[in-house]
Amino acid sequence: MTSAALEPDRFSDRHIGTDEADAARMLAAVGAGSLAELLAQAVPADIARQQPLRLPAPASEEAALAELRAIAGRNRVLRSFIGCGYHGTHTPGVILRNVLENPAWYTAYTLYQAEISQGRLEALVNFQTMVCDLTGLPVANASMLDEATAAAEAMTLARRSVKSDSTAFVVSGDCHPQTLAVIRTRAEPLGITVVVADSADEWHAALEGDFFGALIPYPASSGWLLDWSAEVRRIHAKQAAAVFATDLLALTLLVPPGEWDADIVVGSSQRFGMPMGGGGPHAAFMACRDAFKRSLPGRLVGVSVDAHGHPAYRLALQTREQHIRREKATSNICTAQVLPAMVASMYAVYHGPEGLRRIAARVAAQAAVLAKGLAQLGFTQTHHGTAFDTISLKTDARTPELLARVLAEGINIRRAWDDYLVIALDETATRADIEALWRAFAADGQPLPDYAALSVDAQPLIPTALRRSSAFLTHPVFNTHHSETAMLRYIRRLSDQDLALDRSMIPLGSCTMKLNAASEMAPISWPEFAQIHPFAPADQRAGYALLDEQLRGWLAAITGYAAVSLEPNAGSQGEYAGLLAIRAWHAACGDHQRDVCLIPASAHGTNPASAHMAGMRVVVVACERNGNVDLADLRAQCEQHAGRIAAAMITYPSTHGVFEPGVRELCAIVHAHGGRVYVDGANLNALVGLAAPGAFGGDVSHLNLHKTFCIPHGGGGPGVGPVCVAADLAPFLPGAGTVGAVSAAPLGNAGVLPISWMYIRMMGAAGLTAATGAAVLHANYISARLKDHYPTLYGNAAGRVAHECILDLRPLKETSGITAEDVAKRLIDYGFHAPTLSFPVPGTLMVEPTESEPLEEIDRFIDAMVTIRAEIRRIESGEWPREDNPLKAAPHTAAALLAADWPHPYSRERAAYPVAGLRAAGAKYWPPVGRIDNAWGDRNLFCACIPVETAAD
């Protein structure tokens with residue numbers, strides 16, 4: 001027996017889809033003698049890593065899981081009634097197993113290709129309808145990153161939507177503390193003054209002055225309730241916006257803010273089935289009045305019609321998005337929290353309006369019983385006599401002692417204003433919990449209240465005038481699927497409509513749709529990670545602290561930077577945090593005038609949007625014909641704006657899919673003019689193990705753990721966007737002191753960090769480097785195989801690409817009338833999600849195969865593209881009309897193919913089975929709708945559940 005036989009399986013062999021024999025075949029196709037030769041041709045020698053990547057030796061899946069289990073064991077799972085927008089919740093098993101833990105849902109991409117996303121789009125329309133119904137407002141988006149950033153986005157939405165020209169925003173001091181912290185961070189670069197009202201007198205005084213909006217907590221963070229209708233009228237009299245931060249479960253019992261004429265309502269849907277997860281991911285929401293809808297940040301799902309006149313869902317009003325508006329964008333949010341939003345919507349579908357009312361009524365009754373019992377024990381001084389689920393007790397000098405006694409009972413509560421204790425109950429609270437709280441507050445020997453007696457006719461602490469009378473969730477979807485069997489089949493029906501990685505390759509350029517391994521995903525459901533409150537005492541979060549420390553250390557080693565923060569809960573927020581660090585560093589150096597951010601014309605739209613939000617002026621740098629940044633123009637811009645250069649933002653490898661040879665020179669030019677270089681980490685999957693941005697001139701990078709490090713895209717979130725910085729910028733990371741919070745929770749989307757930890761721990765340095773090499777090889781293989789059919793638009797001097805390639809389809813429009821969108825839709829008939837459409841160059845497709853795809857699937861994609869090119873030639877020859885051919889009519893639904901009338905000049909067989917492999921059992925994906933009319937949907941905007949009579953048409 002050889003020593004190799006005793007070695008455990010290498011996870012990298014499972015993760016990387018091709019083996020040595022496959023690599024040899026691909027290298028022959030690209031004309032390289034070895035992988036090392038190909039990489040030498042693709043990667044500039046002057047940026048190549050000089051020292052090997054230092055990471056722990058790779059662990060087997062079993063060993064890594066055992067090691068992570070030990071780390072998780074350092075967390076202590078107590079009952080957490082801390083509140084602050086995070087609550088215990090029961091995730092129904094049918095949703096946990098069939099949505100949250102189901103790759104058909106979590107491996108899907110953002111919903112740009114609507115025809116293959118109808119299931120997820122329906123789930124998000126349910127989410128939007130749920131939010132609209134509960135808040136009483138007509139329009140809601142399809143999720144935000146967290147409640148705190150949603151409130152900050154509401155502030156900026158209010159500023160651009162009202163007539164007031166004030167720069168002041170009023171905030172009640174009894175909002176959640178993290179919400180106030182993020183609002184302050186967001187306001188400062190934009191020149192907004194945050195006026196905090198910590199008392200009724202301060203509130204009334206603030207509303208006497210000038211302001212453009214006011215944020216009202218309902219319920220307040222400490223629990224109290226108030227009829228805010230008169231205050232809304234006062235706010236409107238100032239031509240300002242009334243913004244509410246609320247709780248969806250509470251709104252099943254409370255008068256909704258929309259009935260008081262609120263302008264914007266935000267909050268979190270976390271307690272609708274998503275575990276606390278150390279702070280995230282959770283789907284926040286934003287609803288607004290109809291007049292604000294075209295400025296609403298985030299995704300908005302609407303209803304349109306397909307080519308056959310049937311209702312179909314799509315992303316609406318996409319002209320609002322960053323890739324179009326760039327520095328004029330009103331938000332840098334690119335994706336949000338789609339997977340948690342779908343969990344929340346399924347929770348509402350499963351429980352229905354009556355079930356949600358029951359849950360809320362039970363929580364409210366428990367709070368009333370708790371308050372009665374505490375009053376019997378002598379605790380009669382409360383912050384307010386009203387409440388939904390949260391009680392605030394004045395405990396004066398006994399506060400530390402009582403807090404310790406509650407903790408000894410295995411329960412976390414919150415201290416507020418030094419001499420108050422706040423208890424926020426949730427749907428998991430039991431009689432035993434209430435009695436444990438009484439025990440902690442009772443004096444030695446004092447009899448405990450009688451739970452059974454106090455529960456008789458327990459009335460909630462909600463004033464009669466604030467009790468909801470209006471109906472909600474009346475659509476049949478919320479009143480049908482209440483048995484587990486029905487719910488299981490509804491979830492399955494929706495997932496069957498979509499294409500995700502569990503079905504086929506998703507070759508989206510700049511998106512890195514790689515394997516999300518089962519062993520990486522398993523730990524996110526462990527209670528030791530899932531049931532931790534983000535503001536629990538530090539000793540209860542020791543496991544998360546160690547996970548944070550190790551993951552930050554590994555990411556620093558990979559990127560070549562000195563310090564990392566995991567707080568940003570999306571790539572867009574990582575960008576924003578990195579630019580805030582640069583801005584704060586310049587200010588600390590006395591260079592307050594440095595406000596120019598240089599950004600190449602090819603950059604992703606979030607770059608200029610983030611720069612604008614950070615208070616910087618965007619100056620565009622030209623690109624050369626070969627796609628590289630024009631260094632002469634860069635020098636000219638630096639000279640023109642001498643003394644004002646704050647930063648330059650680049651993506652590397654470039655957005656054009658090439659390792660640009662002049663990146664070191666670019667960094668030197670910017671540094672010579674006093675600026676810092678921001679290297680967008682969107683394409684880090686082409687660098688890991690080969691080069692490090694912090695070593696070739698970068699000062700700041702954000703990463704996308706949902707790309708390079710295997711957190712799944714979830715249909716458009718969650719994500720994690722760590723920000724990595726050079727040593728002198730470390731004091732300016734989020735929460736380090738100078739720069740405030742950018743996310744609600746200190747560890748952002750902590751609940752999904754175990755995924756990236758597992759990936760790095762199992763791959764090790766050699767595995768990660770091999771993955772990068774495979775990603776580069778796969779992209780060059782596709783480019784070489786397709787060059788005679790669709791030329792690659794950009795390559796380096798040797799003709800090599802990085803980890804993705806841009807296929808130029810622009811000439812086809814003139815020769816055949818076929819556009820890149822037509823090819824994208826025809827690929828659906830072949831069972832593929834299209835590559836990235838018309839970005840960064842209109843009329844092109846950007847292909848990124850990643851390292852995880854097997855050669856068989858890569859070849860299947862190539863064969864599909866070659867066959868489609870042959871179909872286009874039949875149009876070019878005149879055999880098929882330009883306006884009636886398999887591409888213009890794509891995608892083809894089963895219903896269209898079975899219709900009695902078939903008016904097309906090509907056969908039904910050609911439409912459905914263009915290649916023989918699609919005839920194999922289970923191989924054919926049938927799109928649920930035909931091509932969707934985007935313009936019709938925007939002209940007839942409707943963003944809620946389709947009425948039954950319309951859906952039945």
K.L.:
Using modelled atom types and a 3.5 Å cut-off, is there a donor and acceptor pairing between side-chain atoms of Tyr790 and backbone atoms of Met865?
P.N.:
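Checked: pair present.
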
K.L.:
Picking from Lys825, Arg826, Arg931, what satisfies salt bridge (Lys or Arg N to Asp or Glu O under 4.0 Å) with Glu115?
P.N.:
Lys825

K.L.:
Between Glu37 and Arg800, is there a side-chain N and carboxylate O pair less than 4.0 Å apart?
P.N.:
no

K.L.:
Are Ile868 and Pro914 side-chain neighbours, meaning at least one heavy-atom pair lies under 4.5 Å?
P.N.:
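A side-chain contact is absent here, since even the closest heavy-atom pair is not under 4.5 Å.
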
K.L.:
What distance do Leu753 atom CG and Phe709 atom CZ have between them, rounded to the nearest 0.5 Å?
P.N.:
12.5 Å

K.L.:
Any non-hydrogen side-chain atom of Pro507 less than 4.5 Å from a side-chain atom of Phe861?
P.N.:
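Yes, close enough: below the 4.5 Å cut-off.
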
K.L.:
Is the closest side-chain heavy-atom distance between Trp554 and Thr559 below 4.5 Å?
P.N.:
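No. Closest side-chain heavy atoms not under 4.5 Å.
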
K.L.:
Applying side-chain contact (heavy atoms from CB on, under 4.5 Å), run through Asn796 and Phe659 and close with a yes or a no.
P.N.:
CA-CA 7 Å; Asn796 66 8; Phe659 290 98; 5.7 Å; no

K.L.:
Do Asn607 and Glu575 come close enough that some side-chain heavy atom pair is under 4.5 Å?
P.N.:
yes

K.L.:
Return yes if some donor-acceptor pair links the side-chain N/O of Arg761 with the main-chain N/O of Ala57 below 3.5 Å, else return no.
P.N.:
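Side chain of Arg761 to backbone of Ala57: a pair is present.
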
K.L.:
Can you spot which of Glu871, Lys888, Lys813, Glu876 makes a side-chain contact (heavy atoms from CB on, under 4.5 Å) with Ile818?
P.N.:
Lys888

K.L.:
Got a sec: does the CD of Glu856 have more than 12 other heavy atoms crowding it under 6.0 Å?
P.N.:
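Not more than 12 within 6.0 Å, no.
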
K.L.:
Say whether, by atom type as modelled, one donor and one acceptor occur between the side chain of His803 and the main chain of Val776 under 3.5 angstrom.
P.N.:
no

K.L.:
Using only heavy-atom distances, determine whether the side chains of Asn934 and Arg314 contain a donor-acceptor pair under 3.5 Å.
P.N.:
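Present: a donor and an acceptor within the cut-off.
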
K.L.:
Ser838 versus Thr844: any side-chain heavy-atom pair under 4.5 Å?
P.N.:
no

K.L.:
Evaluate the side-chain proximity of Asn885 to Arg874: yes if any heavy-atom separation is below 4.5 Å, no if none is.
P.N.:
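The answer is no, as the side chains (C-beta and beyond) never meet within the 4.5 Å cut-off.
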
K.L.:
Using atom types as modelled and distance alone, determine if a side-chain donor or acceptor of Ser852 lies under 3.5 Å from a backbone N or O of Leu515.
P.N.:
yes

K.L.:
Quick one: does any side-chain atom of Ser117 pair with a main-chain N or O of Arg120 as donor and acceptor, under 3.5 Å?
P.N.:
no

K.L.:
Over all heavy atoms of both residues, which pair between Ala682 and Asn704 is shortest? Give the atoms and the distance, please.
P.N.:
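So the two residues come closest at CA-ND2, 3.4 Å.
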
K.L.:
Enter the distance from Ile650:CD1 to Ser602:OG here, rounded to the nearest 0.5 Å.
P.N.:
10.0 Å

K.L.:
Atom OG1 of Thr772 and atom CG of Leu690: how far apart are they, to the nearest 0.5 Å?
P.N.:
5.0 Å

K.L.:
Does Gly681 offer a backbone N or O that forms a donor-acceptor pair with the side chain of Lys707 under 3.5 Å?
P.N.:
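Looks like no, no N/O pair under 3.5 Å.
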
K.L.:
Any carboxylate oxygen within less than 4.0 angstrom of a Lys/Arg side-chain nitrogen, looking at Glu853 and Lys514?
P.N.:
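No, this pair does not count.
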
K.L.:
CZ/Arg503 to CD1/Ile116 distance, rounded to the nearest 0.5 angstrom?
P.N.:
10.5 Å

K.L.:
Hey, mind stepping through Met762 and Glu520 against side-chain contact (heavy atoms from CB on, under 4.5 Å) and telling me if it holds?
P.N.:
CA-CA 9 Å; Met762 293 187 295; Glu520 295 160 1; 3.7 Å; yes

K.L.:
Quick one, Val752 with Leu705, criterion side-chain contact (heavy atoms from CB on, under 4.5 Å). Give me CA distance, side-chain angles, the key distance, then yes/no.
P.N.:
CA-CA 9 Å; Val752 293; Leu705 298 192; over 6 Å; no

K.L.:
Judged by modelled atom types alone, do Thr819 and Asp822 share a side-chain donor-acceptor pair under 3.5 Å?
P.N.:
yes

K.L.:
Is it the case that Ser701 and Tyr678 place a side-chain donor and acceptor less than 3.5 Å from each other?
P.N.:
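Judged by distance alone, the side chains do not pair up.
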
K.L.:
If you apply the rule ring pair (Phe, Tyr, Trp, His ring centres under 6.0 Å), what do you find for Tyr759 with His15, and how did you get there?
P.N.:
CA-CA 9 Å; Tyr759 174 64; His15 175 82; 5.0 Å; yes

K.L.:
Provide the closest heavy-atom pair for Ala834 versus Ala824 in the form atom of the first, atom of the second, distance.
P.N.:
CB-CB, 3.4 Å

K.L.:
Does Asp788 come within less than 4.0 Å of Arg869, counting only side-chain N to carboxylate O?
P.N.:
no

K.L.:
Considering all heavy atoms of both residues, which atom of Ala341 and which atom of Ala142 are nearest to each other, and what is their separation?
P.N.:
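Here Ala341 and Ala142 meet closest at CB-O, 4.1 Å.
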
K.L.:
Whether the side chain of Thr792 engages the backbone of Tyr794 through a donor-acceptor N/O pair (distance < 3.5 Å, no angle test) should be reported.
P.N.:
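A pair under 3.5 Å: no.
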
K.L.:
Are any side-chain N or O atoms of Asp22 and backbone N or O atoms of Asp19, one a donor and one an acceptor, separated by less than 3.5 Å?
P.N.:
yes

K.L.:
What is the distance from atom CD1 of Ile506 to atom OG1 of Thr850, rounded to the nearest 0.5 Å?
P.N.:
10.0 Å

K.L.:
Please check: side-chain N/O of Thr769 versus main-chain N/O of Ala765, any donor-acceptor pairing under 3.5 Å?
P.N.:
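Checking the backbone N and O of Ala765 against the side chain of Thr769, a donor-acceptor pair under 3.5 Å is found.
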
K.L.:
For Phe696 together with Tyr652, are the ring centres under 6.0 Å from each other?
P.N.:
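Under 6.0 Å, so yes.
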
K.L.:
Hydrogens and angles aside, do Ser143 and Gln337 bring a side-chain donor and acceptor to less than 3.5 Å of each other?
P.N.:
no

K.L.:
Are more than 12 heavy atoms from other residues, nucleotides or ligands located less than 6.0 Å from atom CZ of Arg910?
P.N.:
yes

K.L.:
Could you grab the distance from atom CG of Leu793 to atom CG of Asp808, nearest 0.5 Å is fine?
P.N.:
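Reported to 0.5 Å precision, the distance equals 5.0 Å.
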
K.L.:
Please name the pair of heavy atoms, one in Pro886 and one in Asp829, separated by the smallest distance, quoted to 0.1 Å.
P.N.:
O-OD2, 4.5 Å

K.L.:
Counting only heavy atoms from other residues, nucleotides and ligands, does the tally under 6.0 Å from CZ of Arg49 exceed 12?
P.N.:
yes

K.L.:
Given the ring of Phe832, does Arg860 sit roughly above its face, with NZ or CZ under 6.0 Å from the centre of the six-membered ring and within 45° of the axis?
P.N.:
yes

K.L.:
Less than 4.5 Å apart, side chain to side chain, heavy atoms only: is that true for Leu837 and Gln113?
P.N.:
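They are in contact (side-chain heavy atoms under 4.5 Å apart), so the answer is yes.
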
K.L.:
For His833 and Tyr109, take the angle between the two ring planes, folded into 0 to 90°, and tell me which bin it lands in: parallel under 30, tilted 30 to 60, perpendicular over 60.
P.N.:
perpendicular

K.L.:
How far apart are the closest heavy atoms of Pro928 and Gln497, and which atoms are they?
P.N.:
CD-O, 3.6 Å

K.L.:
At their closest point, which heavy atom of Gly627 faces which heavy atom of His656, and how far apart are they?
P.N.:
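The pair with the smallest heavy-atom distance is O-ND1, 2.9 Å.
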
K.L.:
Scan side-chain atoms only and decide if Glu848 and Thr512 contain a donor-acceptor pair under the 3.5 Å cut-off.
P.N.:
yes

K.L.:
Would you check if His604 and Thr651 make a side-chain contact, meaning some heavy-atom pair closer than 4.5 Å?
P.N.:
no

K.L.:
Do the side chain of His706 and the main chain of Val720 share a donor and acceptor less than 3.5 angstrom apart?
P.N.:
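Yes, because the side chain of His706 sits within donor-acceptor range (under 3.5 Å) of the backbone of Val720.
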
K.L.:
List the steps, then state whether side-chain contact (heavy atoms from CB on, under 4.5 Å) holds for Ile862 with Tyr781.
P.N.:
CA-CA 10 Å; Ile862 291 170; Tyr781 175 68; 3.6 Å; yes

